[in-house]
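Comments concern the structure below.
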Amino acid sequence: MSGLNVHPGIDVYELDTPALLLDLDAFERNINKMAAFFKDSPVKLRPHSKTNKCPIIARKQIEAGAVGICCQKLGEAEVMVQGGIRDILICTEIVTPLKISRLVNLAKHADLKVVVDDIENVRNLSEAAGAKGIVLDVLIDINMGRNNRSGIDPGSSVIKFAQELVKHKGVRLRGLQGYEGYMMFVNPLEERKRECLEIMGRLMETKTFLERAGFNIEIVTGGGTGTYMITGRYPGVNEIQAGSYIVMDSKYATIEGVDFECALSILGTVISRPSKDRAVLDVGFKSASTDSGPPSFKSAPSLEYKSGGDELGRIVIKDPSLPLKAGDKLELWPSHCDTTINLHDNYYAIRKGKLEAVWPIAGRGKSA
Ligand SMILES: Cc1ncc(COP(=O)(O)O)c(C=O)c1O
């Protein structure tokens, strides 16, 4: 365990702050609930580790039935392989010579798959893999609408791409990625469902075109926490990439049909109470991301968090008689789990108010 006086069994409020807390009971219920959804299904969970960035968590997801994991970045995949994970899909294109060289080196030690949407990139991957004496598994990345991400458009033109791809002997076509990212936060559920079914139809049509042209499309992967209940039951999809479900955040908690528990919080300390209506907390941009709005107070919903800069947060106190003073500890719900986790070195894993373990967030900052 790292840090002064940090040992199993201490009370959560004895931890120094800011500290990222993981409520183990809620976290385990989230793992089990998602695992149960896929248990007797031909569809498998391949959770996205861009959320948790922690090989210990990835191993727990695999122990609960996941087939492997997704990584968004090569640096994350390197950390996961070091942490003992073997089956990894890298969900973004790897295109520079330096990264391609890291990728094929890593592929000698793990079962790696990577997405592609460009034939020049396929040629570079194939040459690098061939030079290492390996064949690299690739999935064609499909643009799932709104043109806000990578991927080639669905439809029969994907056949031509696949025909070019298979001429390159250093790569092997395994399937399609169709990640419908922009749909995750569409409320209500019925509207999300309608949009999702429409775009999934186009993905399946593309799969059929490819199969009729003689290609074996083994893997069709997509889906996230906001759509797993739709995409994960769509015939033909066989892997789901949900990530945030594992810890949730206050933004996802507002999304209909996403019934997981918020297991993540940031513990902070009040460092000043300059006036009746204001206090200052040691949690700023460097401990809580605000790209999805401010964090909120866990057991004091009447308090409002306002940004106070890199290191500090301002607490707006509506009830002036509230006895909040320097040294008091408060827990905050993060508004966006991925970007908040990336700010911390460790999860402080808590059960019933006591510290049980400290788990390094080994993949934090590994954005290259
Ligand atoms: C390609 C891809 N798959 C899956 C996910 C996981 O989504 P969520 O955290 O909403 O479950 C993401 C998140 O951004 C993603 O980019």
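Both ligands and their constituent atoms are indexed starting at 1 by order of listing.
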is_close_aromatic(Y245, Y252), centroid dist under 6.0 Å: no

Which ligand 1 atoms does T225 reach within 4.0 Å, using its non-hydrogen atoms? 8 (P), 10 (O), 11 (O)

Hey, does Y245 come in under 3.5 Å of ligand 1, counting only N/O atoms on both sides? no

What protein heavy atom lies closest to atom 9 (O) of ligand 1? Include the residue and the distance to one decimal. S244 OG, 2.5 Å

Yes or no: does A242 have any heavy atom under 4.0 Å from an atom of ligand 1? yes

Would you confirm whether the ring centroid of F37 sits within less than 6.0 angstrom of the ring centroid of Y228? yes

Is the closest basic N to carboxylate O distance between E304 and K306 below 4.0 Å? yes

Heavy atom of Y228, distance to ligand 1 below 4.0 Å: no

For K325, does the NZ atom sit with more than 12 other heavy atoms under 6.0 Å from it, leaving out its own atoms? no

Considering non-hydrogen atoms of the protein only, which is the closest contact for atom 5 (C) of ligand 1, and what is the distance? Y179 OH, 3.4 Å

Could you tell me the residue and atom name of the protein heavy atom closest to atom 16 (O) of ligand 1, and the distance to it rounded to 0.1 Å? R149 NH2, 2.8 Å

Which residue holds the protein heavy atom closest to atom 6 (C) of ligand 1, what is that atom called, and what is the gap in Å? Q241 O, 3.5 Å

Measure from NZ or CZ of K44 to the centre of the six-membered ring of F38, then state whether that distance is under 6.0 Å and the direction lies within 45° of the axis. no

Any N/O of M184 closer than 3.5 Å to an N/O of ligand 1? no

Which residue supplies the protein heavy atom nearest to atom 10 (O) of ligand 1, what is that atom called, and how far is it? Y252 OH, 2.5 Å

Is any NZ, NE, NH1 or NH2 atom of the basic residue among E261 and R29 found under 4.0 Å from an Asp or Glu carboxylate oxygen of the other? yes

Please determine if E239 and R46 form a salt bridge, counting it only when a charged side-chain N lies under 4.0 Å from a carboxylate O. yes

If you have a sec, work out which protein heavy atom is nearest atom 14 (O) of ligand 1 and how many Å separate them, to one decimal? K50 NZ, 3.0 Å

Under a 4.0 Å heavy-atom limit, does K251 contact ligand 1 with its side chain, its backbone, both, or neither? neither

Report the relative orientation of the aromatic rings in W359 and Y347; use parallel for angles under 30°, tilted for 30 to 60°, perpendicular for over 60°. perpendicular

